[in-house]
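As the structure is a computational prediction, the values presented were derived from the model and not from experiment. In what follows, every heavy atom counts, from backbone to side chain, and hydrogens, waters and symmetry copies are set aside.
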Amino acid sequence: MLDFGAVALEWGSLLTQAIVFLLLLLAVRKFAMGPIVAVMEKRRQHIESEITTAERSRKEAEALLAEQRRVLDEARLEAKSIIDRATKQASDEAAKIVADAQAAAERLKADASAELAREVEKAKAELRDQMTGLSVLLASKIIEKELDEATQKATVDKFLAQVGDRL
């Protein structure tokens with residue numbers, strides 16, 4: 001026995017306690033540490049698996065986002081193309097409508113000019129017919145009267161004044 005003043009150690013008791021401690025340590029290692037280490041290893045593997053799965057999901061999400069952006073860009077380009085085609089078609093149709101309207105206006109103008117020309121020719125023909133008739137009438141009146149030159153001039157002027165009133 002060792003004596004350290006207030007504390008006394010007995011070799012038998014110390015040896016017994018050391019053996020019990022070692023047995024207890026072996027028992028804990030065999031029965032408790034194995035399962036605890038196994039649980040911790042499972043937990044580590046589960047966490048690694050979750051991290052791998054999360055990383056894979058993140059990469060898939062990024063790929064899907066890139067694909068969606070590409071599809072959206074294609075849709076925007078297609079929409080712009082459709083709008084451009086519609087605008088060009090509307091512009092072409094507007095130009096065609098204006099050209100058709102101008103052509104119709106030109107035809108109406110030409111028809112009206114032709115109709116006016118026909119009416120003028122008709123009026124001239126009627127005027128010639130009337131002038132011929134009046135000339136004959138004047139000539140017959142002049143022949144009937146056989147007047148002197150001053151009277152004939154007055155008669156012609158009077159006739160022309162009458163003809164001018166009729167026109």
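Both Met33 and Leu24 belong to a common hydrophobic cluster when Ile, Leu, Val, Met, Phe, Trp and Tyr are linked at side-chain heavy-atom distances under 4.5 angstrom. One hydrophobic cluster, built from ILVMFWY side chains closer than 4.5 Å, holds both Leu15 and Leu23.
Residues Lys88 and Asp84 are not in side-chain contact: their nearest non-hydrogen atoms beyond the backbone lie 4.5 Å or more apart. Side chains of Gln68 and Leu72 form no contact here, defined as non-hydrogen atoms less than 4.5 Å apart. For the pair Glu60/Leu64, no side-chain contact is recorded, criterion being any heavy-atom separation below 4.5 Å from C-beta on. Contact check for Ile82 versus Arg85: side-chain heavy atoms found under the 4.5 Å cut-off.
The CD atom of Glu55 lies 8.5 Å from the OG1 atom of Thr52; values are rounded to the nearest 0.5 Å. Atom-to-atom distance recorded for Arg69:CZ and Arg76:CZ is 10.5 Å, nearest 0.5 angstrom. Between Leu14 atom CG and Phe21 atom CZ the span is 12.5 Å, to the nearest 0.5 Å.
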Subject >> Test side chain to side chain contact (heavy atoms under 4.5 Å, CB included) applied to Lys122 and Glu126, step by step >> reply: CA-CA 6 Å; Lys122 184 178 173 184; Glu126 287 178 8; 3.7 Å; yes
**OP:** Take Asp100 and Lys96 through the test salt bridge (Lys or Arg N to Asp or Glu O under 4.0 Å) and record every step on the way to the result.
**Re:** CA-CA 6 Å; Asp100 290 348; Lys96 183 180 181 290; 3.2 Å; yes
Subject >> Check against side chain to side chain contact (heavy atoms under 4.5 Å, CB included), Leu65 and Glu62 >> reply: CA-CA 5 Å; Leu65 180 61; Glu62 287 175 354; 5.6 Å; no
**OP:** Might you work through the salt bridge (Lys or Arg N to Asp or Glu O under 4.0 Å) test for Arg118 and Glu115, ending with a clear yes or no?
**Re:** CA-CA 5 Å; Arg118 282 192 297 274; Glu115 180 66 25; 2.5 Å; yes
**OP:** Give the C-alpha distance, both sets of side-chain angles, the deciding distance and a yes or no for side chain to side chain contact (heavy atoms under 4.5 Å, CB included) between Gln17 and Val20.
**Re:** CA-CA 5 Å; Gln17 285 179 1; Val20 169; 5.7 Å; no
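Between Glu93 and Gln89, the side chains place a donor N or O and an acceptor N or O closer than 3.5 Å (distance only, hydrogens not considered).
For Arg43, the CZ atom counts as loosely surrounded, since its 6.0 Å shell holds 12 or fewer non-hydrogen atoms of other residues, nucleotides or ligands. In Arg44, the CZ atom is crowded: over 12 heavy atoms of neighbouring residues, nucleotides or ligands sit closer than 6.0 Å.
Using modelled atom types, no side-chain atom of Ser91 and backbone atom of Thr87 make a donor-acceptor pair closer than 3.5 Å. Of the possible polar contacts, none joining the Ser49 side chain to the Gln45 backbone as a donor-acceptor pair under 3.5 Å is found.
The pair Glu67-Arg70 meets the salt-bridge criterion, with a side-chain N (NZ, NE, NH1 or NH2) lying under 4.0 Å from an Asp/Glu carboxylate O.
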